[in-house]
Asker: 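Following this message is one structure expressed as structure tokens.
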There are 2 protein chains.
Amino acid sequence: MATQGKRTRIEDIRRVELIAAAHRVFLEHGLQGMTSARICREAGMSPGILAYYFKGKDEVLFGMVRYNNRLLMEDVIARLAAAQTHWARLEAIVEGNFPAQAFTRPIASAWISVCAEAGVNEQYARLQRVFHRRLRSNLASVFGGMFDAVRLQEASLIVAALLDGLWLRKAVADDIGRDEAITLVFTGIRSLVSDKEEKLLRSGRGHKRAAPRRQQ
Amino acid sequence: MATQGKRTRIEDIRRVELIAAAHRVFLEHGLQGMTSARICREAGMSPGILAYYFKGKDEVLFGMVRYNNRLLMEDVIARLAAAQTHWARLEAIVEGNFPAQAFTRPIASAWISVCAEAGVNEQYARLQRVFHRRLRSNLASVFGGMFDAVRLQEASLIVAALLDGLWLRKAVADDIGRDEAITLVFTGIRSLVSDKEEKLLRSGRGHKRAAPRRQQ
DNA sequence: TAGATTTTTGTATGCTCATACAAGATTCTA
DNA sequence: TAGAATCTTGTATGAGCATACAAAAATCTA
């Protein structure tokens, strides 16, 4: 058994391959449809392999959710780095939460099924909370210098709920497109800030710019 | 077989009992935990009985979702009937979507699991759409005379998404109470309408009052 | 290359659950 | 009350699945 010191390389490779396969299966079939057999088939391996590299299905699942969150986060962080004004940072956050190819019904539905599971399984809930906290912290870094604590809390909760609600609608009714969703979020945001505040956010010299949070 | 004309009474009684039991099980254990055996036990009957009164589990499930929606709807309709001003109608709609005893984590989580299923099963999606359409139609009956078509569409989508998003947060993080949620929705709504418009809504003589829709 | 170690395969086991059904209990009817 | 119709029970069947595992294949080591 190679446990200490020099780790055998193939183990890490297989684990990543399997998690990536699990991710693809998840996006297509949701949490329900993500069976061991399907994951292995997707990865081009034999059905028993999963039990060799993972303690159980839960381990694959947590790995998969983390993998997914990391992908989304990297995108948002790249967009944030390129943003010059606070308004651009806001666009980065909102657009990053509606990835161009990913705002589809099956993906929305898959994501919602994780939220449903989080209501029952405390470990999933923790993963989701980490994700959410970062979203709100990013929003806070935009609104922070402008709003007092109460209004900041309110505004970031409302925007976060709006994002979630639109994903939910996508899953249930699929009657909304990506651009429409983004437009709606900005309609909501513009109504939450005054004209003077919006001008400030667009100017890029409004107030001190806080660093984005890096968690996980 | 008593099929035509005078229906045997007991059949209807049992079906309602079983659906009510299914509803209770659903609220406590979610869609996953709602097994045939548990439903029958909850109803105080033998495990085989379900197959006698229903064609399959799906039939119970659809019945249960309809039952749930009807309960919520009756509440909103009663509140709407008592409302004197447009603003009061708005309060009726929003508060009706956060039933006092029902804004709990397990119930939120159960409801989210139905939404997740709706992403996969077209029949569930239809049920959810009926529900949603009525919500938006109720909102439209408040905003209708005041907003043009585009703004009406936007506002009702945003408010609906906000409601959904707060339920989702309840399921995932459970870091928000009923009163807080209602306050947040009204913060959002107040920012969507101008001061002049809000005054109009509160006056009760703002514009023609449309009848609430009665579907299903 | 022989033998040890690691990796992969395919299948077996056991669990949960929906559904079917035979047989028993109850209620109705004449 | 006899017999028919209706209702209820308990269990059997089989599907779908996670997980365990024996054995085969591949790779490493000396």
Side-chain angles (χ1 to χ4, degrees), chain A residues 1-22 25-26 28-65 110 113 117 120-121 123-124, chain B residues 1-23 25-26 28-65 110 113-114 117 120-121 123-124:
Chain A
M1 245 215 289
T3 43
Q4 295 291 30
K6 50 177 177 184
R7 260 288 178 77
T8 158
R9 203 93 212 99
I10 199 111
E11 182 173 339
D12 299 324
I13 295 172
R14 288 289 174 275
R15 284 177 64 99
V16 171
E17 284 175 339
L18 283 167
I19 282 179
V25 170
F26 165 72
E28 189 171 359
H29 300 282
L31 212 52
Q32 292 305 313
M34 200 180 73
T35 69
S36 302
R38 245 205 282 252
I39 294 170
C40 295
R41 185 147 20 90
E42 174 70 30
M45 307 180 202
S46 125
I49 200 73
L50 209 126
Y52 182 72
Y53 284 112
F54 294 91
K55 212 174 55 149
K57 204 192 169 187
D58 272 1
E59 201 185 338
V60 187
L61 232 137
F62 293 136
M64 189 275 290
V65 173
S113 67
E117 192 63 22
V120 174
N121 185 325
Q123 294 213 262
Y124 286 42
Chain B
M1 250 218 287
T3 43
Q4 295 291 32
K6 50 178 174 184
R7 261 288 178 79
T8 158
R9 202 93 214 99
I10 199 110
E11 182 172 338
D12 299 324
I13 294 170
R14 289 288 174 275
R15 284 177 64 100
V16 171
E17 284 175 338
L18 284 167
I19 282 179
H23 186 238
V25 171
F26 166 72
E28 190 172 358
H29 300 282
L31 211 52
Q32 291 305 312
M34 200 180 72
T35 71
S36 301
R38 244 205 283 253
I39 293 170
C40 294
R41 184 149 20 94
E42 174 70 30
M45 306 181 203
S46 125
I49 201 72
L50 209 126
Y52 182 72
Y53 285 112
F54 295 91
K55 212 174 53 148
K57 204 191 167 187
D58 272 1
E59 201 184 339
V60 187
L61 232 138
F62 294 136
M64 189 275 290
V65 174
S113 67
V114 173
E117 193 61 23
V120 174
N121 186 325
Q123 296 211 263
Y124 286 42

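A, B, ... follow the sequence lines: proteins, then strands. Residue 1 opens every chain.
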Asker: Restricting to salt bridge (Lys or Arg N to Asp or Glu O under 4.0 Å), what partner residues turn up for Glu59(B), sequence neighbours left out?
Answerer: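 Glu59(B): salt bridge (Lys or Arg N to Asp or Glu O under 4.0 Å) contacts with Arg15(B).
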Asker: Considering residues at least two apart in sequence or located in another chain, which fulfil the side-chain hydrogen bond (donor to acceptor under 3.5 Å, both in side chains) criterion with His23(B)?
Answerer: Asn68(B)
Asker: Which of residues 48-57 of chain B sit near DNA chain D, with a heavy atom under 4.0 Å from it?
Answerer: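 Heavy-atom cutoff 4.0 Å gives Gly48(B), Ile49(B), Tyr52(B), Tyr53(B).
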Asker: With Glu17(B), which residues qualify under salt bridge (Lys or Arg N to Asp or Glu O under 4.0 Å), at least two apart?
Answerer: Arg14(B)
Asker: Assess the residue pair Phe26(B) and Val60(B) against the criterion (side chain to side chain contact (heavy atoms under 4.5 Å, CB included)); give the C-alpha distance rounded to whole Å, side-chain angles, the decisive distance to 0.1 Å, and a yes or no.
Answerer: CA-CA 11 Å; Phe26(B) 166 72; Val60(B) 187; over 6 Å; no
Asker: Less than 4.5 Å apart, any side-chain heavy atom of Leu61(A) and any of Phe54(A)?
Answerer: no
Asker: Which pairs pass salt bridge (Lys or Arg N to Asp or Glu O under 4.0 Å) with one or both residues in residues 44-53 of chain A, sequence neighbours excluded?
Answerer: none
Asker: Considering only heavy atoms, which members of residues 30-43 of chain B lie under 4.0 Å from some atom of DNA chain D?
Answerer: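 When residues 30-43 of chain B is checked for heavy atoms under 4.0 Å from DNA chain D, there are no hits whatsoever.
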Asker: Would you give the length of the straight line joining atom CD1 of Ile13(A) to atom OH of Tyr53(A), rounded to the nearest 0.5 angstrom?
Answerer: 9.0 Å
Asker: What residues in residues 15-22 of chain B put a non-hydrogen atom under 4.0 Å from any atom of DNA chain C?
Answerer: none
Asker: Considering only distance and modelled atom types, tabulate donor-acceptor pairs under 3.5 Å from the side chains of residues 30-48 of chain B, sequence neighbours left out.
Answerer:
residue, atom, partner, partner atom, Å
Thr35(B), OG1, Arg38(B), N, 3.2
Arg38(B), NE, Gly33(B), O, 2.8
Arg38(B), NH2, Gly33(B), O, 3.2
Glu42(B), OE2, Arg24(B), NH1, 2.4
Ser46(B), OG, Gly48(B), N, 3.4

Asker: Can you check the Arg14(B) CZ to dT27(C) P distance for me, whole Å?
Answerer: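 After rounding, the gap between these two atoms is 10 Å.
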Asker: With sequence neighbours excluded, tell me which residues meet side-chain contact (heavy atoms from CB on, under 4.5 Å) with Phe62(A).
Answerer: Asp58(A), Arg66(A), Gln123(A), Tyr124(A), Leu127(A)
Asker: Send over the distance from Ile13(A) CD1 to dT27(D) P, rounded to a whole Å.
Answerer: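 One finds 13 Å between P of dT27(D) and CD1 of Ile13(A), rounded.
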Asker: To the nearest 10 degrees, how far apart in direction are the end axes of the helix from dT1(C)-dA30(D) to dA30(C)-dT1(D), each fit to five base pairs?
Answerer: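 Axis angle across the helix from dT1(C)-dA30(D) to dA30(C)-dT1(D), nearest 10°: 10°.
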Asker: What integer distance in Å separates Arg9(A):CZ from dT6(C):P?
Answerer: 16 Å
